[in-house]
Colleague: 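Okay, handing you the structure first.
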Amino acid sequence: MDTTGLSDYAVFGVLLLAGFAFVAAAMTANRLLRPSAPSKEKGKTYECGVDPVGKDWAQVQIRYYVYAFLFVLFAVEAVFLFPWAAVFRAFGAAAAVEMGVFVGVLALGLAYAWRKGVLRWR
């Protein structure tokens, strides 16, 4: 009987338990070591993105988040593209087609955002 498969699962199980134990220990240490000074001010409701201005509330525009999301999207694309370009010749034509599909899907997303007017700064 081949027990290598079972030993792989055992290693995975031990690592999984070690991960849970580490998280539990970190959260327990956090609870024991943190300063605790509850007050009425700390208990007030706070909503991120809405700033009190005078008597009314001024809402932060969604376009800031859209630009940040698009930046992250294309930064991730660059993370995938640069290493691939460095070893392009070793991969061959199949990898070039796959990368073309990847860039094409991202280009379609950019075209969709452009067509919807998301990229227009008003």
Colleague: Is it true that Leu70 and Val103 fall in one hydrophobic cluster, defined by side-chain heavy atoms closer than 4.5 Å?
Modeller: yes
Colleague: Tell me, yes or no, whether the heavy-atom count around Arg115 atom CZ, taken from other residues, nucleotides or ligands under 6.0 Å, exceeds 12.
Modeller: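 For Arg115, atom CZ is not crowded (no more than 12 foreign heavy atoms under 6.0 Å).
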Colleague: Shortest non-hydrogen contact from Leu106 to Phe74?
Modeller: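 So the minimum-distance heavy-atom pair works out to O-CZ, 4.3 Å.
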Colleague: Would you say Leu81 and Val101 are hydrophobically clustered, going by side-chain heavy atoms of ILVMFWY under 4.5 Å?
Modeller: no
Colleague: What closest approach, in Å, do Pro83 and Ala78 show between heavy atoms, and which atom pair accounts for it?
Modeller: CD-O, 4.3 Å
Colleague: Val76 and Met99: same hydrophobic cluster, using ILVMFWY side-chain contacts below 4.5 Å?
Modeller: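 Yes, because Val76 and Met99 connect within a single hydrophobic cluster, where side-chain heavy atoms sit under 4.5 Å apart.
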Colleague: Atom CD in Glu98, atom CH2 in Trp84: separation rounded to 0.5 Å?
Modeller: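 It is 10.0 Å, given to the nearest 0.5 Å.
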Colleague: Just wondering, more than 12 heavy atoms not from Tyr67 lying within 6.0 Å of its OH?
Modeller: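 Atom OH in Tyr67 is crowded, with more than 12 foreign heavy atoms closer than 6.0 Å.
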Colleague: Between Leu110 and Leu73, is any pair of side-chain heavy atoms under 4.5 Å apart?
Modeller: no
Colleague: Is there a path of hydrophobic side-chain contacts, each under 4.5 Å between heavy atoms of I/L/V/M/F/W/Y residues, joining Phe22 to Met27?
Modeller: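 No, because Met27 and Phe22 fall into different hydrophobic clusters, even though each may have its own neighbours under 4.5 Å.
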Colleague: Quick check: are there more than 12 heavy atoms from other residues, nucleotides or ligands sitting under 6.0 Å from CZ of Phe102?
Modeller: yes
